[in-house]
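In what follows, a structure is listed as structure tokens, so that the remarks can point back to it.
A note on names: the letters A, B, ... follow the listed sequences, proteins ahead of strands, and every chain is numbered from 1.
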Amino acid sequence: MSELHFYNSYTRRKEKFESITPGYAGLYVCGPTVSGESHLGHARPYITFDVVQRYLKHLGYKVRYVRNITDAGHFEEEGREATDKVDEKAKLEKLEPMELVQKYTNLYHWGMHLFNCEDPAIEPTATGHIIEQISMIETIIEKGYAYEVNGSVYFDVKKYAGNYPYGKLSGRVLDDQLETSRDLDGQDEKRNKADFALWKNAPPEHIMRWKSPWGDGFPGWHIECSAMSSKYLGETFDIHGGGMDLQFPHHESEIAQSTIAHGHPPVRYWIHNNMITINGKKMGKSYNNVIKLSELFSGNHPILEQAYHPMVVRFYILQTHYRSTLDFSNEALQASERAIRRLWEAYELLQKLNHPGNTEAQDKTLDQQVVAWCNELSDFMNDDFNTAKVIGNLFELAPVINGIKGGQVAAGALSSGTFAMLKDTFKIFLEDILGMQPLQAQQSNNLDNVLSILIEIRKDAKKRKDFATSDQIRNKLAEGGILLKDEKDGSMSYTIE
RNA sequence: GGUCGCGUAGCCGAGUGGCUAGGCACAGCUCUGCAAAAGCUGCUACAGCGGUUCGAAUCCGCUCGCGACCUCCA
């Protein structure tokens, strides 16, 4: 049995995971800025890290999963309009900032639940941790790595880079940052262009503002994650996750701040998921090509040919390794939809199947193959969370399951032990680890009763060779999205589209 | 311009130097009153050029194409 290894962005290689406290794992993931609705691109990290934390739990770790909510708003720390995004949007929509934040937080939670993402253990907000952030900034100033100018506080990147490995995570050289040709407003406050804001002075019109030793203002973007992760996971914790686009400057800055404040780097393992693209371009607000989650689920977007069920989207994301880019297309989503429907039906069938009870496999070759396929699943997860390979193997198993029902595979082909293992393994990986759910809600008893009546009538018609009636029942139901299937044993089943 | 990454069959996509990943689509067959579903079979690709090697999609070099970050961004 292999052990968990995954790619550490910090060292740029796969490493064996060893948690700081045996049996416990701390995971921090950068959550959303709730100044707008989440889109398909946002879904990827949340689903990716949901699987990561599910797998850690599966391995027996007690996981503390912390995923923040950025509700204080980011701003251009390099100057320009040092305005609070949340605040700006609020004025447009004529809402209180906190009302806006609440609205998008609720929408975000709605999406996460539809995706069947488990709630984090702690979901801290930036506005709820202003004191912690101020305190951390004070420490950094005391240690001589930050300076105040006109009520704002900046981190001294050049000084930091002289004593610590600045740029290691994102593969950046400080000199390049210092020589950037960008000429942005507010640069004059900084000693160097690479410096970033820890605290920004708030202009009078700014609604979101807090008192600080440097006057009224609001925290810099990066400091919230440093303050909250260390508060709940410790000054050094196991895993920090987020999208690749956050590597620089956000995560690089987190490392710098925490290293100064605490005297050592904050994180053992960094995990970054790749982007979702659309027509080859990253999906993001700067490209104006986003598909919001509500649009995705309703199909209400010019690009979308249909609505896509959250589980289809989840499956689509997990079919690709998290470190590869994933290109959106209707064709790809539709392929995923058919695939997960077929896989889920095989899974449901498996849970209903009974084994004849023979302890010896009648087909030893197949039995061994099934055991091998099942055992490989852990190896795949242990090798950098390779959900794509896990799904591949589940599809290898599907024909065995369907074959047992269809008669192409003998009922006792597998030993009772292997059969039981197959059942358990399928459940654990598909439901518990990949976090998949059925595409359709549990049918109501009423509907089931009605359909039973129709099925009985159709059976009678077929017996009388009254195919006009039997076909009419089947065709009319199909128009309503209910598909009848004649099983080999003479029974009938139905699925709802 | 700097740094990093990618280019795999009709489409999506996994790939640890040697052994058909997988999915979707398509075609044929089995089953079936007919369908659907399911099963079986087929479709065997690695941007181009060179190099290393007994052997390369996988390592190295060059060329072409694409993208990400360098500015808010998952």
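- As a whole-Å value, the separation of A/Leu318 CG from B/A14 P is 12 Å.
- Summarising the geometry, the separation between CD1 on A/Ile317 and P on B/A14 is reported as 13 Å, rounded to the nearest angstrom.
- Residues satisfying the side chain to side chain contact (heavy atoms under 4.5 Å, CB included) test with A/His301, not counting sequence neighbours, are A/Ile291, A/Glu295, A/Ile303, A/Leu304.
- Under the salt bridge (Lys or Arg N to Asp or Glu O under 4.0 Å) criterion, the residue pairs touching residues 243-255 of chain A are A/Asp245-A/Lys282, with sequence neighbours excluded.
- Within 4.0 Å of A/Gly171, counting heavy atoms only, lie sugar-phosphate atoms of the nucleic acid but no base atom.
- A/Leu483 comes within 4.0 angstrom of no nucleic acid atom, judged by non-hydrogen atoms across all strands.
- Look at the C1' atom in both B/U52 and B/A9: the space between them is 28 Å, to the nearest Å.
- If you check distances only, the side chain of A/Asp471 does reach the base of B/G33 with a donor-acceptor pair under 3.5 Å.
- B/G33 atom P lies 15 Å from atom CG of A/Asp466, rounded to whole Å.
- Listed in residue order, the members of residues 286-297 of chain A having a heavy atom less than 4.0 Å from RNA chain B are A/Ser286, A/Tyr287.
- Sorted by first and then second residue, the ring-ring contact (aromatic ring centres under 6.0 Å, His included) pairs involving residues 377-399 of chain A (not counting sequence neighbours) are A/Phe6-A/Phe385.
- Atom-to-atom, CG of A/Leu377 to C1' of B/A14 comes out at 14 Å; the value is rounded to the nearest Å.
- Taking A/Lys389 as the reference, nothing meets the salt bridge (charged side-chain N to carboxylate O under 4.0 Å, His left out) condition, with sequence neighbours excluded.
- Note on A/Ser38: nothing from the nucleic acid sits closer than 4.0 angstrom, heavy atoms only.
- Centroid-to-centroid, the aromatic rings of A/His251 and A/His222 stay 6.0 Å apart or farther.
- Nucleotides B/A36 and B/G28 are separated by 12 Å at their P atoms, to the nearest Å.
- Contact annotation for A/Lys465: no contact, since no heavy-atom pair falls under 4.0 Å across all strands.
- With respect to A/Asp50 and A/Arg314, a salt bridge is recorded, a charged nitrogen being found less than 4.0 Å from a carboxylate O.
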Produce a footprint string for nucleotides 16-27 of chain B: one letter per nucleotide, 5' end first; B if the base is under 4.0 Å from any protein heavy atom, S if only the sugar-phosphate is, - if neither. -----BSSSS--

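- Side-chain atoms of A/Met275 lie closest to B/A74 of the nucleotides B/A74, B/C70, B/G13.
- Counting to the nearest Å, the C1' atom of B/A74 and the CG atom of A/Leu326 are 13 Å from each other.
- The two residues A/Leu366 and A/Ala413 have their closest heavy-atom pair at CD2-CB, 4.2 Å.
- A residue-by-residue look at A/Asn274 and A/Ser170 shows that A/Ser170 has its nearest nucleotide of RNA chain B further toward the 5' end.
- The side chain of A/Arg44 sits closest to B/A74 out of B/A37, B/G67, B/A74.
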Side-chain donor-acceptor pairs of residues 396-408 of chain A under 3.5 Å, sequence neighbours excluded:
{"from": "A/Asn402", "atom 1": "ND2", "to": "A/Ala398", "atom 2": "O", "distance (Å)": "3.4"}
{"from": "A/Lys405", "atom 1": "NZ", "to": "A/Glu487", "atom 2": "OE1", "distance (Å)": "2.9"}
{"from": "A/Lys405", "atom 1": "NZ", "to": "A/Glu487", "atom 2": "OE2", "distance (Å)": "3.3"}

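- Residue-level contact check: A/Asn273 touches the bases, meaning some heavy atom is under 4.0 Å from a base atom.
- B/G10 and B/A45 have their C1' atoms separated by 12 Å, given to the nearest Å.
- Side-chain N/O atoms of A/Asn386 include one lying less than 4.0 angstrom from OP1 or OP2 on B/G15.
- A/Phe218 does not carry A/Arg209 over the face of its six-membered ring by the limits of under 6.0 Å from the centre and within 45° of the normal.
- With a 6.0 Å cutoff to the six-membered ring centre and a 45° limit on the axis angle, A/Arg323 counts as a cation-pi contact of A/Tyr7.
- Under the salt bridge (charged side-chain N to carboxylate O under 4.0 Å, His left out) criterion, A/Glu118 pairs with A/Arg54, A/Lys57, sequence neighbours left out.
- Across B/G7 and B/G48, the matching P atoms stand 13 Å from one another, rounded to whole Å.
- At least one side-chain nitrogen or oxygen of A/Lys282 sits closer than 4.0 Å to the OP1 or OP2 atom of B/C69.
- B/C70 and B/C60 have their C1' atoms separated by 29 Å, with the value rounded to a whole Å.
- Within the nucleic acid shown, A/Asn475 has no heavy atom closer than 4.0 Å to any nucleic acid atom.
- Comparing the P positions of B/A21 and B/A14 gives an interatomic distance of 14 Å, to the nearest angstrom.
- Nearest to the side chain of A/Phe248, among B/C34, B/C70, B/A74, sits B/C70.
- For A/Asp471, the salt bridge (charged side-chain N to carboxylate O under 4.0 Å, His left out) partners two or more places apart in sequence, or in a different chain, are A/Arg474.
- Annotation: B/C12 and B/G51 have their P atoms spaced 32 Å apart (nearest Å).
- For A/Gln472, the side chain to side chain contact (heavy atoms under 4.5 Å, CB included) test picks out A/Lys476, with sequence neighbours left out.
- Base engagement by A/Arg458 is indicated by at least one non-hydrogen atom pair under 4.0 Å involving a base atom.
- Straight-line distance from the CD atom of A/Gln472 to the C1' atom of B/G33: 17 Å, rounded to whole Å.
- To the nearest whole angstrom, the two C1' atoms, one in B/G13 and one in B/A57, are 14 Å apart.
- The side chain to side chain contact (heavy atoms under 4.5 Å, CB included) check on A/Ser152 picks up A/Tyr154, A/Glu189, A/Lys200, A/Asn201, with sequence neighbours excluded.
- Within 4.0 Å (heavy atoms only), A/Leu343 reaches no atom of the nucleic acid at all.
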Where each pair must be Watson-Crick or G-U wobble with both distances under 3.5 Å, what dot-bracket representation of RNA chain B is obtained, with crossing pairs in [ ] and other-strand partners as |? (((((((..(((.....[...))).(((((.......)))))....(((((..]....))))))))))))....

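- Toward the 5′ end of RNA chain B lies the nearest nucleotide of A/Asp327, the other residue of the pair A/Asp327 and A/Gly41 mapping further downstream.
- In this structure, of B/A74, B/A37, B/G33, it is B/A37 that holds the atom nearest to the side chain of A/Lys485.
- Distances were taken from every side-chain heavy atom of A/Lys285 (C-beta onward) to each of B/A74, B/A37, B/C34; the shortest belongs to B/A74.
- The existence of a salt bridge linking A/Arg341 and A/Glu337 is confirmed by a sub-4.0 Å separation between a basic side-chain nitrogen and an acidic carboxylate oxygen.
- Protein atom CG of A/Asp384 is 12 Å distant from nucleotide atom P of B/A14, rounded to whole Å.
- Using a 4.0 Å cut-off, some side-chain N or O of A/Ser324 falls inside it from OP1 or OP2 of B/A14.
- Taking side-chain N and O atoms only, A/His321 has a distance below 4.0 Å to OP1 or OP2 of B/G15.
- Using a 4.0 Å heavy-atom cutoff across all strands shown, A/Leu394 reaches no nucleic acid atom at all.
- A/Gly406 comes within contact range of no nucleotide atom at all, as no heavy-atom separation falls under 4.0 Å.
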